[in-house]
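Every chain is numbered from 1 and lettered A, B, ... according to where its sequence line falls, protein lines coming before strand lines.
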Amino acid sequence: MSDTDVAATGGIPAGLDAARPDPGDGGPDMIQLLTPEGVRIPNSDYDRYLEDLTPDDLRGLYRDLVLVRRLDAEGWSLQRQGELGLWPSLLGQEAAQVGSGRALKPQDHCFPTYREHGVAWCRGVDPLSPLLMWRGVTNGGWDPAEHNFHLYTIVIGSQALHATGYAMGVTKDGRVGTGDPERDTAVIAYFGDGASSQGDVNEAFVFAASYNAPLVFFCQNNQWAISEPVSRQTRIPLYQRARGFGFPGVRVDGNDVLACLALTRHNLDEARSGNGPLFIEAFTYRMGAHTTADDPTKYRFSAEVERWKHRDPILRYKTWLAREGHADSAYFEQVDKEADEFAAELRQRCVTTPDPGGETMWEHVYSQPHPVMEAEKAAYDDYIASFEEEN
Amino acid sequence: MSDTDVAATGGIPAGLDAARPDPGDGGPDMIQLLTPEGVRIPNSDYDRYLEDLTPDDLRGLYRDLVLVRRLDAEGWSLQRQGELGLWPSLLGQEAAQVGSGRALKPQDHCFPTYREHGVAWCRGVDPLSPLLMWRGVTNGGWDPAEHNFHLYTIVIGSQALHATGYAMGVTKDGRVGTGDPERDTAVIAYFGDGASSQGDVNEAFVFAASYNAPLVFFCQNNQWAISEPVSRQTRIPLYQRARGFGFPGVRVDGNDVLACLALTRHNLDEARSGNGPLFIEAFTYRMGAHTTADDPTKYRFSAEVERWKHRDPILRYKTWLAREGHADSAYFEQVDKEADEFAAELRQRCVTTPDPGGETMWEHVYSQPHPVMEAEKAAYDDYIASFEEEN
Amino acid sequence: MALEKLTLGKALTAGLRAAMDRDPKVVLIGEDIGKLGGVFRITEGLQKDFGEDRVIDSPLAESGIVGTAVGMALRGYRPVCEIQFDGFVFPAFDQIVSQVAKLHARSAGTVKMPMVIRIPFGGGIGSPEHHSESPEAYFAHTAGLRVVSCSNPEDAYWMIQQAIECDDPVIFCEPKRRYHDRAEFELGGEAPRELFSANVVREGEDVTLLAYGPTIRTCLEAANAAAEEGTAIEVIDLRTLSPLDTETILASARKTGRVVITHEAQSFLGMGSEIAAMLHEELFYDLEAPVVRVGGANIPYPPSRMEEHFLPDLDRILDGVDRALAY
Amino acid sequence: MALEKLTLGKALTAGLRAAMDRDPKVVLIGEDIGKLGGVFRITEGLQKDFGEDRVIDSPLAESGIVGTAVGMALRGYRPVCEIQFDGFVFPAFDQIVSQVAKLHARSAGTVKMPMVIRIPFGGGIGSPEHHSESPEAYFAHTAGLRVVSCSNPEDAYWMIQQAIECDDPVIFCEPKRRYHDRAEFELGGEAPRELFSANVVREGEDVTLLAYGPTIRTCLEAANAAAEEGTAIEVIDLRTLSPLDTETILASARKTGRVVITHEAQSFLGMGSEIAAMLHEELFYDLEAPVVRVGGANIPYPPSRMEEHFLPDLDRILDGVDRALAY
Ligand SMILES: Cc1ncc(C[n+]2csc(CCOP(=O)(O)OP(=O)(O)O)c2C)c(N)n1
Ligand SMILES: Cc1ncc(C[n+]2csc(CCOP(=O)(O)OP(=O)(O)O)c2C)c(N)n1
Ligand SMILES: [Mg+2]
Ligand SMILES: [Mg+2]
């Protein structure tokens, strides 16, 4: 998009005088199975990864997309009402998260960033858990082993190495390439376009390649790292990063839930068979602000956002479902209703969660006794008691 | 190289029961202008970078190679005699260092590792300086600005970022792409095959690409990072790493001084013109131990070392020089004699350098006054004085 | 010279602007510091005025930020790095302790490292994990670095300029929960005091209360409260953590005989340990009571809904004062 | 149970071997730890016996080593990372302080981090820069970690096994210049003492001398020398730096009233600061003299031909003892 194009599409906020890089349409390398208009594009390589989907499954994906968007909206408004400290919205990234999340088998393990509420949902994690984290009640607090979904990681990129090490452990356990689909296990590491610049992420590429880790790197390129366009992080399409490390990379339309599902299934299968690691760039867009604390009008054009609205992941899927006769308006209404109830219940559970007491602060720092810390805790208890005495 | 090949070439030390990866001959992608047998291979892309070389220049390269090897041998034997704490030998890497070092213009800036004694030599750094560092008299101690040769960096990979930042500074100074060959400036960052795994090196790739830094990454792939073969660090030829970051990478025969010179000149020209960054993998071999502290018989086959002896960088160049009539045996003898004198003088200067006094320890920690440190220094002086009083 | 009323955040912006105006070699680098002006808006407007060459949005990599800043310093620039939040300085830790801190010594004085690393630090703003930490002791323990922290707008304005002028690397800790504190002071003119000096912000005879950065305001509140009960607290804003201004600290401790030190960082091996050890050594016979340390709890920074229990607040500081007086 | 005479280095090897024999989930990862057996040969022979799956030569990247070890721990393994030299732990610092130290708390106790990070530390072996550092205070200041150091072969043998058995992450500092110290002790049987306990290695009434790792031997030599002059030094090997065994330290300090603490790390905010502050606080009326700190100079580790001036040696320790006695 040249300067003039930008001007033509309008909406240049004051102060935005340089052309922003064009996120483009993903280019010819991008794999898309469903156009923004909801037209299914047959694909001889990947269609077979969708063959087993029943109409129920297909409707389920829609339900996921809608509930996940609603969950996200709820998080946003809870923050606005002072109930959460912060909320990183997934708006626009529903298809990337649901498509990849639903591609996982129960035994596969996930390493999310802080934005994968949609993947958490697919894994069966109670959506209250991330809400409580952003509320400041916990720093995560769920058991990663319960749903094979690791804790959110906030320090950008760290989890890529955790995923690699976990995948190395899977190999040690003999859970790769046995041919038993219930046994072979893959790991998926989520990260953003910005994260691709971190040393840890690139070290993860090195380690994963060196040990053939059964790992899929799943990069949601939502075009922005807070205010910085992806062009600050890379000159070339991100999926090509993988080739510098000797493993395959592919770009998929991150707003196309079917493509995300098919591609992730394929890549996970490869990883489980011992052909890891692999890299998927899900080409998508952060429709909202980086988090509730951000003001994107400072750095990006509304025209860009407008353009991406036409590529909405839910709309196109809904259009296709309806056209194919997999779902009708009654179904869509029912899902909306479910979403309303879901959101209301979630909100209720969130706002009624009490703050933890100060005396619980010392729990779980160490798993075995730590006398110095215990002495401090005892002093704290005395100190609190001294107030109670006063009163 | 298969297990049987290894057995056939003999020399498997006890305990080395797995096949070591074959460093190979560099493969078809490797650019070579001079074969191990000393035969010149014409190259339409790169020959022009050698056209200006006079016979004097060509002899000069030979002298460099010989003196640098002698310098290295002197370092090794000084360490063996207890005069140095440690010595990292460049044996086998002379051509990579002299070829690239001589490609630099005076205004270009170098960021070495700890092994670039040959590049230091080409830059005009007093060879005593690295010797004193490994003697433990200094931690470097030379002025990088004097010869545009930065201090040795021991923490693997750190200097790649320094080089990138320096190159960004060159751009800010308007010293890129002006077309003035005396003004345009390039930066070269040395590092090893092992270093390619470090986060910092990969972050340097990201930053350098993002800011089009006038920088040449010069990786001496000497096949080993202490005991670890390059196959532990990468699945694919290292020069291909660059393509994952969107800039060109090339493999050159690191034992071919002409190819190293030509390729580095070309890449530096590109960098100076604003087409940076670029990546050169100099395919070479660490003929000796990692350092004087290392015992390579624990981890590699002597057969491999033997094979590389046939690719010696000096021998092939000498053969070619003689065959072309650029130098005769009188010249070679004269250089040997010069090397003897050079080594003797260097040794003499090294062993007569006194140890610095303890009271100098506090110098240069801060450039401006620091009272806490000064109080400590005063206490030290008192303490030393108290002994003198006692005696 | 204009009298201005600025927030601490805007005072930093003004200080950065003044330094950039004065010296074209001053460059800023960090994540989102360009159009966005940084997540705390400290660099707001600077890229617009000084260009992308001097206000550099970096790729998302802290080691890269500090490592390239080292290179720029070697080329003659005076880089000011912004670390987005305290908890994100650790990816750059290696470059800071092994390169930034040591290059001057390594080069036997030929290489200078006039670099400032700005770190918004401390908690109390309801943030998620890694956004509320106080890493200053790690840096103060590192020889070769200097570490300072400002607590009010006027100091912020001057100290950032002085830090940029310093030829040694300075870790500049900004009390993020005080960014919106506002005060009136003169822009321009002469700096009221040396960068590496402490400041007695309130005089008193009974107890010395040492602090820096975000807890200074709390200490002043504590001093007010104590004054009502007849206790005269002398509050010292340390400002410089490395080097410590031991003279000012000792003079006050000699006078009062009782010292309390507070900071948000975990108390085990926090600044309080060094200061207590130093006072104990220097004033063994002069102290009336052991130095009381009121620090953050010795646990990882807790979820924000617990942070009030973690952080030293008015009550805990006054409790510390009481303990010092009880001896 | 065989009585064996082993060096400290070989005792570590034996300890690692025992741990690996006992628990198949114990895996080692680090640079050059396979065929080479590590640059100090601590893992010598282990890859041959346990295979490349359990003794993992890593790519050259410390953050990668620790970060993948976190992942292996999450998968149920008990990784033991080798950092080649002290100065090379810093690239892994972020993973250590923000992940290793905090995951147990972050997960509200559902995730354990049974990881050991072995760091050969300290100077005195004539090495180049970054090969002689003492980074323990950085880790001891970090809540969520445990930090220990061994000083003799028997402790080395037991402590490494106990550290591996510990469900919390342990930073294991190995006194590299004592790797060749040799002693006779029993392999197998029961560990003579708890991992997180100090050990009174020599009793005495006049002064308490606290140390750990490489300086213990120097302290014992100092105690011998002092005994000849009639001074009875009690030498305590701290062994655990986080948590500190305050009980043992306090008991001895109460008895002698005079305490000297020595370590190679820079003294400003070194372990000595915390211990001095703690003793000052706990024994305000009981100490006869201020705690004397004999540490490394507050400068970056100097070139090796100066290191003898940097390091606390027999004379400087005895000078410290004299100062404590002079009060
Ligand atoms: C090491 C580190 N540095 C900085 C930050 C602050 N930060 C949080 S999110 C973010 C941008 C991340 O961008 P990207 O990786 O593209 O993920 P996205 O937020 O777009 O999903 C930054 C800079 C952080 N969390 N960790
Ligand atoms: C961060 C860091 N980790 C470990 C080391 C120890 N070390 C010194 S050299 C070396 C191997 C380097 O290999 P390579 O990059 O291939 O360079 P070469 O020595 O072969 O020239 C290692 C592991 C170090 N210096 N820095
Ligand atoms: Mg992004
Ligand atoms: Mg190498």
Side-chain angles (χ1 to χ4, degrees), chain B residues 15-18 85-86 114 132-141 152 154-158 192-201 225-228 232-234 290 293-296 298-300 354-365 370 372-373 376-377 380 383-384 386-387, chain D residues 31-41 44-45 47-48 52 56-65 67 84-85 87-88 90-92 94-95 125-132 266-268 295-311 315-316 319-320 322-323:
Chain B
L16 287 190
D17 38 19
L86 193 77
Y114 39 83
L132 293 187
M133 169 174 157
W134 294 109
R135 185 172 168 84
V137 172
T138 67
N139 278 333
Y152 279 0
I154 290 181
V155 181
I156 300 291
S158 304
D193 44 301
S196 68
S197 293
Q198 279 286 4
D200 271 12
V201 171
I226 310 188
S227 74
E228 303 201 9
R232 174 86 297 160
Q233 324 285 346
T234 180
H290 169 69
D294 181 38
D295 174 8
K298 295 226 170 230
Y299 55 81
R300 74 181 183 184
D355 288 355
E359 73 289 350
T360 65
M361 249 183 351
W362 284 268
E363 286 169 19
H364 311 309
V365 175
H370 190 290
V372 173
M373 207 185 65
E376 180 174 274
K377 163 86 165 69
Y380 173 87
Y383 168 72
I384 296 296
S386 75
F387 283 97
Chain D
E31 294 157 9
D32 306 294
I33 68 169
K35 288 222 166 54
L36 184 62
V39 294
F40 291 109
R41 308 292 186 271
E44 188 147 54
Q47 191 181 63
K48 192 156 169 284
E52 294 193 10
I56 309 168
D57 267 329
S58 74
L60 208 176
E62 287 76 9
S63 192
I65 292 170
Q84 203 160 74
F85 281 88
F88 308 140
F90 299 118
D94 177 50
Q95 284 284 347
I125 60 165
S127 274
E129 211 186 342
H130 313 291
H131 291 71
S132 300
Q266 286 78 359
S267 64
F268 194 90
N298 285 300
I299 62 172
Y301 201 91
S304 61
R305 298 229 167 198
M306 276 191 251
E307 69 183 340
E308 58 177 307
H309 306 285
F310 175 94
L311 293 170
D315 287 336
R316 282 186 57 215
D319 177 67
D322 287 348
R323 281 191 281 144

Considering only heavy atoms and a distance below 4.5 Å, find which of [options] pairs most often with chain D.
options: B:Gly140, B:Gly358, B:Gly157; value: B:Gly358
options: B:Ile226, B:Thr234, B:Ile384; value: B:Ile226
options: B:Gln233, B:Met373, B:Arg135; value: B:Arg135

Indicate the atoms forming the closest heavy-atom contact of [X] with [Y], along with that distance.
X: D:Leu60; Y: B:Gly194; result: CB-O, 3.4 Å
X: D:Pro59; Y: B:Ser197; result: CB-OG, 3.7 Å
X: D:Pro303; Y: B:Gly136; result: CB-O, 3.1 Å
X: D:Asp57; Y: B:Arg232; result: O-CD, 3.1 Å
X: B:Asn139; Y: D:Tyr301; result: ND2-O, 3.5 Å
X: D:Met306; Y: B:Val137; result: CE-O, 4.3 Å

Criterion salt bridge (Lys or Arg N to Asp or Glu O under 4.0 Å) on D:Lys35 and B:Glu228, from CA distance to verdict: CA-CA 9 Å; D:Lys35 288 222 166 54; B:Glu228 303 201 9; over 6 Å; no
For [X], is it the side chain, the backbone, both or neither that has a heavy atom under 4.5 Å from a heavy atom of chain D?
X: B:Gln198; answer: both
X: B:Tyr152; answer: neither
X: B:Ile156; answer: side chain
X: B:Asp295; answer: both
X: B:Val201; answer: neither
X: B:Met361; answer: both

ring-ring contact (aromatic ring centres under 6.0 Å, His included) partners for D:His130, two or more places apart: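 D:His130: no ring-ring contact (aromatic ring centres under 6.0 Å, His included) contacts found.
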Part of [X] lying under 4.5 Å from any heavy atom of chain B:
X: D:Glu62; value: both
X: D:Glu44; value: side chain
X: D:Glu308; value: neither
X: D:Phe85; value: neither
X: D:Arg323; value: neither

From CZ (D:Phe310) to CH2 (B:Trp362), nearest 0.5 Å: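 Separation between the atoms: 9.5 Å.
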From CD1 (D:Ile299) to NE2 (B:His370), nearest 0.5 Å: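 Atom-to-atom, D:Ile299:CD1 and B:His370:NE2 are 12.0 Å apart.
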Any D:Phe90 side-chain heavy atom under 4.5 Å of B:Val155 side chain: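 SC-SC contact between D:Phe90 and B:Val155 ruled out.
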Side chain to side chain contact (heavy atoms under 4.5 Å, CB included) between B:Glu376 and D:Phe268, intermediate numbers included: CA-CA 11 Å; B:Glu376 180 174 274; D:Phe268 194 90; over 6 Å; no
Side chain to side chain contact (heavy atoms under 4.5 Å, CB included) between B:Val365 and D:Asn298, worked out: CA-CA 9 Å; B:Val365 175; D:Asn298 285 300; over 6 Å; no
Whether D:Arg305 side chain and B:Pro356 backbone form a donor-acceptor pair below 3.5 Å: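 The answer is no, because no donor-acceptor pair under 3.5 Å joins these two groups.
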Donor-acceptor pair, side chain of D:Glu129 and main chain of B:Ile154, under 3.5 angstrom: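 Flag not set: sc D:Glu129 to bb B:Ile154 has no pair under 3.5 Å.
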Non-neighbouring partners of D:Asp32 that pass side chain to side chain donor-acceptor pair (under 3.5 Å), sequence neighbours left out: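 For D:Asp32 the side chain to side chain donor-acceptor pair (under 3.5 Å) partners, ignoring immediate neighbours, are B:Ser227, D:Gln84.
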